[in-house]
Amino acid sequence: MKQPKAFASKIIDAIRADGGVLHLAGGEICLPRTFGFCRGVTSALVMLEEACQRHTDSTTRLFLLGQIIHNPWVNDHFSRRGVQILRPDQVRHPEAFITASDCAVIPAFGVPLDIEAHLQSIGCQIVDTSCGDVRRLWGWACRAASGGLGILIFGRSEHDETVVTKSRLAAAGGKYLVIGNLAEGRQFAEMVASDQPPQAFRERFGPATTNAESPQPFERLAQVSQTTMLYDHTMALRDILRSGFARRYGQEELNQRLLFEPTVCRATQDRQNAAVELCKAGCDLVVVVGGFGSSNTRHLYELAQAHAPTVFIEDAGAILSPSRLRALDTDQDRPVTVKNWLPRRRPLHIGVLAGASSPEIVVGQVVEKLAEFLR
Ligand code: SF4
C-alpha cells in the first residue's frame, strides 16, 4: 500500500534510490535500510485520507477518536482538512460529540470496547483503522485471560495502545499488570519469588498499572508487550520472570505457569534492527526524527544513544542553528535547547532515524536542513 502523497518526500526518494546515502562536500547523511511509516500506519492514513475525500462536500462531520498516530505533523494535517480530533478526556464521552449522522474514525491504536459499542449503537459511520498487529495482541491476551491466566503487559501504562489493551482485558474479566521497564519487572519477579503479601503488591502497583488487589491472579501468567517496545527488553523481561517463577515454583512448573507471546510487531523489530545496523556502521551524530509521544521512536533514540551522540527532534523547525537545537530531554520528558550539537569536524557522518509514525516529508525537511551545514 502506498502512503498518501501528502506525506511523501522527493529528497527521501532520491536518497533511497542512491543507496540510502546523501553525499555532500562536508560529509554524508545516511538513512537506515528500513525507516518511517509501517504497514499499519500507512493503512490508517490511507483510510482516513479516503474518508476525508468522501466527505469533502458532504455535511457529515468527521471525528477522530484521539490522535490517528503519535505525530503532531500528521494530526495537524488532518485537522486542517476539517477532521475534529477528540482529546483523551473527550474520547471517554463520545455521546457528547458524535451523532448518528457523523463519521467516527478509530485510530491505529484502537479504542476501548465500550466506546466502540456506543458508536455501533448510535449507528454512525465507523472507519476502523486499528492495526491488525494490535488486534492480534488483544485477541491473544483476552484468550489467555479467559483461560484463567493473569496478563502482564510490558509497556507504558498511559500509552493509547496499552490503555485500550487494559480496557479490553478488564471487559473480558481478566486481571492485568503493566510493567514499564526491566527494573519494575525485577521488582515483580522478586515479589513472586519471595511470596510477598497482597499489601506489598498494592503498595508497589497502583490502579494505573493493575486491576488486581494481590499477586495471586498472576501465579499463572501470560506476558505480552506493547507492539512498539524494544524487542531485546521484551526477551530480557521473559528471562527475569522465568527466573523469579523458577525460584518460587521450581523449573518443572515453568511451562504451565508462564506463557509468552512475542507481540512486538515485525515493523518495530525491523526498524530497531536497521537503526542499530546504521549506528554500528559509524556515525558522528545520530538525529532521531519523530513525535515525542511516539513509543517506537523513543526506543530508536535509546538504541542509538548506545552508539553515538544522539538528539531526538520533532521536525526541521527544531534546528535553530549549527549551535542550537530544540530536542527532547527524555529524563525530564520535555524539549530543551541543546547547545553545540553539531560536531565541527569534517567530513561528518550523520545518521538519521525515523520511527514508524514519522512522515517522510518531515524527515526530508530535516535532511535538507542538515545538508545546509555539510555543503
Ligand atoms: S508499529 Fe506495528 S503495531 Fe503499530 S501500527 Fe505499525 S505495524 Fe501496527
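Atoms within a ligand are numbered from 1 in the order they appear, just like the ligands themselves. All values derive from a computational prediction rather than experimental measurement. Numbers for residues simply follow the sequence, beginning at 1.
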Exercise. Which atoms of ligand 1 are found less than 4.0 Å from any heavy atom of D133?
Worked result: 3 (S), 7 (S)
Seminar exercise, completed: If you scan protein heavy atoms around atom 4 (Fe) of ligand 1, the nearest is T227 OG1, 4.1 Å
Problem set entry | Proximity winner for atom 1 (S) of ligand 1, if only heavy atoms of G355, C265, S357 are counted | C265
Exercise. To the nearest 0.1 Å, how far is atom 8 (Fe) of ligand 1 from its closest protein heavy atom, and which atom is that?
Worked result: C131 SG, 2.3 Å
Problem set entry | Side-chain heavy-atom pair L152, V224 within 4.5 angstrom cut-off | no
Exercise. Within 45° of the six-membered ring axis of F260 and under 6.0 Å from that ring's centre, is NZ or CZ of R238 located there?
Worked result: yes
Exercise. Relative to the ring of F109, is the ring of H159 parallel (under 30°), tilted (30 to 60°) or perpendicular (over 60°)?
Worked result: perpendicular
Exercise. How about F7 and H77: are their ring centres within less than 6.0 Å of each other?
Worked result: yes
Exercise. Can an N, O or S atom be found in C38 less than 2.8 Å away from atom 6 (Fe) of ligand 1?
Worked result: yes
Exercise. Parallel, tilted or perpendicular for Y301 and F312, by the 30°/60° rule?
Worked result: tilted
